Amino acid sequence: MRRHLLSAGDLSREDAVLVLDTAEEMRSLADRPIKKLPALRGRTVVNLFFEDSTRTRISFEAAAKRLSADVINFAAKGSSVSKGESLKDTALTLQAMGADAIVVRHHSSGAPHRLASAQWTHGSVINAGDGTHEHPTQALLDAFTMRRHLGDLEGRRVTIVGDVLHSRVARSNALLLSTLGAEVTLVGPPTLLPVGVASWPVHTSYDLDSSIVKSDAVMMLRVQRERMNESFFPSAREYSRRYGLDTRRMALLPDHTLVLHPGPMNRGMEISADVADSTRSVIVEQVSNGVAVRMAVLYLLLSGSNVPIETPVGES
Amino acid sequence: MPAPAARVVLDERDIARALTRISHEILERNRGPADLLVLGIPTRGVPLARRLAARIDEVEGTVVPSGALDVTMYRDDLRLRPARTLEHTDIPHAGVDGKTVILVDDVLFSGRTIRAALDALNNLGRPRAVRLAVLVDRGHRELPIRADFVGKNLPTSLTEEVRVSVAEVDGHDEVLIATGSVAAATGEAR
């Protein structure tokens with residue numbers, strides 16, 4: 001494994017499978033009376049969140065605590081960031097406190113990369129979502145959830161629907177799923193597919209009905225109203241009718257097809273309530289798998305020696 | 001550098017006899033198969049545990065549960081090396097509470113793996129008793145740990161390597177002892 005996790009695209013197929021296999025072992029911990037492992041005892045994990053989050057922050061915190069790490073939660077609101085402290089000074093402070101890993105969510109794309117490459121900190125940097133760029137642990141937990149239901153993802157068809165332009169989840173999923181051998185189709189209105197999507201390892205389509213009938217999994221993306229300062233589509237109703245997953249469209253899906261959503265959902269917008277609560281929906285499972293996947297990432301990045309060792313030390 | 005010499009110390013039939021004897025010793029010590037749970041430590045302890053459980057079953061006609069206990073995250077040398085891959089832990093549904101757990105490993109060396117296993121077991125519940133069965137005890141303990149059931153006591157020097165092969169993992173049953181620098185380089189021995 002590498003030292004940082006910044007992009008789902010950095011993971012080789014072996015790395016990705018190692019994370020998913022490790023997560024499988026971590027998941028069994030949830031059934032045990034003592035949900036704690038000593039692997040990261042004495043390590044410090046900082047959750048550095050410049051942007052709001054429920055699922056990601058809580059599951060990183062739970063993951064680090066289950067591995068016995070010390071967790072420091074840092075939210076930009078209520079810290080010196082609101083007095084104008086820069087990312088660099090914040091990072092130097094965390095370094096001085098001895099952070100072994102920094103889990104960072106930032107509204108600017110590339111902030112985790114800057115943090116990792118600028119040598120402000122010696123710890124591992126884990127990208128927990130940066131702007132409209134990437135969210136690799138979400139892609140890993142989506143792949144993990146799909147793999148549990150569908151088996152090996154080689155040749156499986158995954159359709160990702162909606163606001164791809166603003167979605168870091170879509171980008172990370174497209175990269176990771178194609179690494180794992182799945183066939184990814186992005187579906188959305190032309191205004192919400194990013195420029196340059198032709199160079200991604202995916203197919204694209206503007207028509208949802210024709211794409212979903214041959215899918216093994218359908219991932220609905222949230223319409224990110226907070227990032228939309230222009231009109232990307234005429235009305236919410238029209239969007240919902242053309243790109244929302246409702247009961248009629250669900251009936252078109254093959255029997256085994258899964259429905260995923262990274263959350264938080266806009267019920268009635270991109271997904272209707274009865275689809276979200278249906279038996280094909282694995283949305284709640286995605287959240288509980290998130291803890292196992294993040295434990296796997298933290299374990300693989302942090303449990304070994306900090307210094308890469310060329311030759312193995314003589315074992316006693 | 002002389003070519004490292006490898007010598008067979010236990011062949012397939014020796015291993016079979018040792019496992020049969022150990023299964024009888026376990027039954028004798030436990031006064032029957034009641035509440036036994038045989039847990040192997042990956043990789044090669046797991047098939048050995050399964051074979052011991054099957055032999056106890058043959059003798060007593062009672063199914064004895066067996067499983068696997070991965071100790072990777074409890075090791076004391078976790079931070080000295082790059083992150084290790086986890087092995088599968090498989091605890092029978094009834095759990096370990098109140099059971100007499102027989103831990104099974106291929107080689108007993110420093111005792112550190114067994115220390116980790118005791119910690120791992122502690123997080124799973126409270127067994128009535130824990131006993132240790134090993135195929136080979138090669139000495140050089142670094143912790144106050146001893147085996148209750150031993151296939152073969154094998155006095156070794158620290159430069160030697162004990163290499164256990166089991167059919168389920170390696171395709172054949174064999175215990176080798178290798179001398180020379182290969183032993184230190186491969187780090188297979190524990």
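Throughout, protein chains are lettered first and strands after them, A, B, ... in sequence-line order, and every chain is numbered starting at 1. Note that the structure is predicted; figures quoted are calculated from it, not measured.
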Which value, rounded to the nearest 0.5 Å, describes the distance between [X] atom [atom1] and [Y] atom [atom2]?
X         : Y        : atom1 : atom2 : result
His88(B)  : Asp21(A) : NE2   : CG    : 11.5 Å
Leu302(A) : Leu78(B) : CG    : CG    : 11.0 Å
Ser68(A)  : Met73(B) : OG    : CE    : 10.0 Å

(message) Report which part of Ser28(A) has an atom under 4.5 Å of a heavy atom belonging to chain B: side chain, backbone, both, or neither.
(response)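 Looking at Ser28(A), nothing touches chain B.
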
(request) Identify which part of Leu67(A) has an atom lying under 4.5 Å from any heavy atom of chain B, answering side chain, backbone, both or neither. (result)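 Leu67(A) touches chain B through side-chain heavy atoms alone.
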
(message) Between Glu24(A), Lys35(A), Met26(A), who has the most heavy-atom pairs with chain B when the cutoff is under 4.5 Å?
(response)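 Looking at each option in turn, the highest pair count goes to Met26(A).
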
(message) I'd like to know if the side chain of Asn123(B) and the backbone of Leu37(A) have a donor-acceptor N/O pair within less than 3.5 Å.
(response)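 It does not hold such a pair.
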
(request) Report yes or no: does Tyr299(A) contribute a side-chain atom to a donor-acceptor pair with the main-chain N or O of Arg84(B) at less than 3.5 Å? (result)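 Judged by distance alone, yes, a pair lies under 3.5 Å.
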
(request) Can you tell which part of Asn122(B) gets under 4.5 Å to a heavy atom of chain A, answering side chain, backbone, both or neither? (result)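 Contact with chain A: backbone only.
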
(request) Please name the residue in the list Leu86(B), Thr72(B), Thr85(B) that meets the side-chain contact (heavy atoms from CB on, under 4.5 Å) test with Glu25(A). (result)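 Exactly one candidate clears the test, Leu86(B).
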
Count the heavy atoms of every other residue, nucleotide or ligand shown that sit under 6.0 Å from [atom1] of [X], and state whether that count exceeds 12.
X         : atom1 : result
Arg55(A)  : CZ    : yes
Glu28(B)  : CD    : no
His93(B)  : NE2   : no
Arg41(A)  : CZ    : no
His113(A) : NE2   : no
Arg17(B)  : CZ    : yes

(message) With heavy-atom distances below 4.5 Å as the criterion, would you say the side chains of Arg32(A) and Thr89(B) are in contact?
(response)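 Arg32(A) reaches Thr89(B) side chain to side chain.
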
